[in-house]
Amino acid sequence: MAQKLFHIFRNTPLGRETLLQSIYFCQKMGVLPTVYIPESTKFLMYFENDVVQVDLDPSYLTDPKTAIAHASDLLEAVKIRPEFFTPKNYTASTLPDIPTSFEFMCCPRSISDLSSKIGLGYIGPRVRRIIQSARFPVLITSPVYKPWQSVAVFFGGSTNAVNALRLGIRIANRTGLGLNLYTQVGKQPADAYRRIVRKEDLSVPLNNVLGDWTFFEKGRFEDNLFSVPHDALVVLGAYGHGIIRDIMFGSMMEKIQSTISNNLLIAGPKYTVAG
């Protein structure tokens with residue numbers, strides 16, 4: 001059975017850019033998009049240990065008569081047969097239940113605020129809850145459709161950073177694109193990060209796809225991010241704690257997402273590495 005990416009369609013120009021990014025991701029990864037055109041501004045996502053109520057902003061309900069046609073046109077233009085998700089279960093008449101068995105999900109930075117408020121430095125609270133609870137990685141798209149030509153993984157040595165590295169290697173293998181690794185060196189020397197990779201048995205699969213491993217040994221991390229190619233898919237972990245505690249995720253993730261405009265693929269703490 002084909003792996004699938006769950007996409008909530010917003011029938012606006014911003015929503016068009018987000019769907020184009022989902023379509024591109026699916027083409028590169030060989031997965032199929034499943035598009036949900038909401039009929040109300042609320043739905044529930046039942047995760048293993050959490051239930052997230054998502055409150056969409058009203059723009060998701062813009063001109064419902066043209067929504068299916070607009071989404072279909074974008075999918076059919078690249079020869080993907082449109083597949084739309086229809087809720088089967090409802091907690092209340094206007095509160096559909098959305099399954100969480102997808103392999104990926106695509107979100108803009110916020111799904112609960114008007115598009116005019118969305119910008120760098122702001123990932124909405126509902127999107128953060130989804131990232132925290134989901135077993136799948138979440139694709140946070142750039143405001144404008146931007147194809148990516150390489151994979152950039154931020155690696156700080158935590159448990160979730162290791163998961164993000166596994167995800168980055170998986171993306172590189174699936175897409176055939178090169179992977180570049182970035183580490184802001186803290187109190188630990190660069191060799192400490194290499195030892196973690198060896199301990200996790202990732203040396204061989206990493207070397208098969210690795211272009212460069214850049215260690216930022218000087219300067220502010222925010223300034224060093226200028227080295228990351230603008231057309232790279234950035235893969236990172238969120239809220240991780242591990243051997244090198246808090247080096248990368250938490251505060252470092254916030255600096256990344258608030259500084260660069262790349263497409264982000266974020267693996268949360270519940271992310272389960274899939275094939």
Side-chain angles (χ1 to χ4, degrees), residues 3-12 14-19 21-22 25 31 33-64 67-68 70-71 83-141 143 160 163 236-240 249-250 253-254 257-258 263-272 274:
Q3 295 187 333
K4 295 186 176 182
L5 175 145
F6 183 63
H7 182 101
I8 308 165
F9 183 60
R10 188 194 318 236
N11 191 24
T12 65
L14 178 65
R16 177 191 60 201
E17 302 298 312
T18 308
L19 181 55
Q21 201 65 63
S22 277
F25 181 89
V31 302
T34 296
V35 179
Y36 175 44
I37 297 179
E39 296 181 351
S40 60
T41 57
K42 300 179 187 298
F43 62 82
L44 294 178
M45 299 188 79
Y46 283 90
F47 295 99
E48 187 176 33
N49 297 311
D50 193 13
V51 179
V52 177
Q53 177 174 318
V54 178
D55 302 290
L56 302 172
D57 75 62
S59 69
Y60 277 88
L61 307 184
T62 299
D63 196 8
I68 290 180
H70 283 166
E83 179 179 305
F84 294 101
F85 171 80
T86 302
K88 296 180 180 178
N89 301 309
Y90 289 77
T91 297
S93 59
T94 58
L95 196 58
D97 302 339
I98 305 296
T100 57
S101 57
F102 300 98
E103 283 73 28
F104 300 95
M105 181 175 176
C106 176
C107 285
R109 286 179 174 265
S110 175
I111 52 180
S112 302
D113 295 88
L114 293 174
S115 56
S116 59
K117 295 182 180 178
I118 299 171
L120 284 175
Y122 181 77
I123 291 180
R126 299 302 184 188
V127 176
R128 290 171 185 263
R129 282 280 302 280
I130 292 171
I131 292 171
Q132 284 182 305
S133 302
R135 290 187 175 277
F136 47 75
V138 177
L139 177 67
I140 306 290
T141 59
N160 223 37
N163 281 338
L236 44 84
Y239 312 109
F249 302 119
M253 177 192 156
E254 297 295 349
Q257 68 89 11
S258 64
N263 290 288
L264 308 176
L265 187 63
I266 303 177
K270 303 289 180 59
Y271 166 65
T272 301

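Quick caveat: nothing in here was measured; it's all calculated off a predicted structure. For this chain, numbers begin at 1 and follow the sequence in order.
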To the nearest 0.5 Å, atom OG of Ser59 lies from atom CG of Leu14 at 7.5 Å

Give a yes or no on whether a salt bridge exists between Lys88 and Asp97, defined as a side-chain N under 4.0 angstrom from a carboxylate O.
-> no

Residues Pro58 and Thr41: closest non-hydrogen pair is CA-CG2, 4.4 Å

Check the surroundings of atom CD in Glu39: do more than 12 heavy atoms from other residues, nucleotides or ligands lie under 6.0 Å from it?
-> no

Mind checking whether Thr34 and Leu5 have side chains closer than 4.5 Å, heavy atoms only?
-> no

Quick one: does Arg129's side chain have a donor or acceptor within less than 3.5 Å of a partner on Val51's backbone?
-> yes

Using the side chain to side chain donor-acceptor pair (under 3.5 Å) rule, take Thr91 and Tyr46 through it: C-alpha gap first, then chi angles, then the decisive distance, then the call.
-> CA-CA 11 Å; Thr91 297; Tyr46 283 90; 3.1 Å; yes

Please say which of Phe6, Phe25, Phe136, Tyr271 ends up in a ring pair (Phe, Tyr, Trp, His ring centres under 6.0 Å) with Phe104.
-> Phe25

Quick check, are the ring centers of Phe9 and Tyr60 under 6.0 angstrom apart?
-> no

pair Thr100-Met105: side-chain heavy atoms closer than 4.5 Å = no

From Leu265 CG over to Leu139 CG, what is the distance, rounded to the nearest 0.5 angstrom?
-> 6.0 Å

Please tell me if the side chains of Val52 and Ser133 come closer than 4.5 Å, counting only heavy atoms from C-beta onward.
-> yes

Can you measure from CD1 (Ile130) to CD (Gln132) and round to the nearest 0.5 angstrom?
-> 11.0 Å

Under the side-chain contact (heavy atoms from CB on, under 4.5 Å) criterion, do Gln21 and Asn263 qualify, and how do the steps go?
-> CA-CA 9 Å; Gln21 201 65 63; Asn263 290 288; 3.2 Å; yes

Smallest heavy-atom separation, Cys106 atom then Thr18 atom, equals SG-CG2, 3.8 Å

For the atom pair CD1 (Ile98) and CG (Asn89), what is the distance rounded to the nearest 0.5 Å?
-> 10.0 Å

Determine, stepwise, if the pair Tyr90 / Leu95 fulfils side-chain contact (heavy atoms from CB on, under 4.5 Å).
-> CA-CA 6 Å; Tyr90 289 77; Leu95 196 58; 5.9 Å; no

Does the side chain of Pro33 come within less than 4.5 Å of His7's, by heavy atoms?
-> no

Min side-chain heavy-atom separation Pro38-Ile8 under 4.5 Å = yes

Rounded to the nearest 0.5 Å, what's the gap from CG on Asp50 to NZ on Lys270? Could you check?
-> 7.0 Å

Considering non-hydrogen atoms only, spot the tightest contact between Asn160 and Ala238 and give its length.
-> ND2-O, 2.9 Å

Distance-minimising heavy-atom pair for Leu56 and Ser40 | CD1-O, 4.0 Å

Stepwise side-chain contact (heavy atoms from CB on, under 4.5 Å) check, Arg135 with Glu48 = CA-CA 9 Å; Arg135 290 187 175 277; Glu48 187 176 33; 2.4 Å; yes

Any sub-3.5 Å donor-acceptor pair from Asp55's side-chain atoms to Lys42's backbone N or O?
-> no

Residues Lys4, Glu103: salt bridge by 4.0 Å N-O rule | no

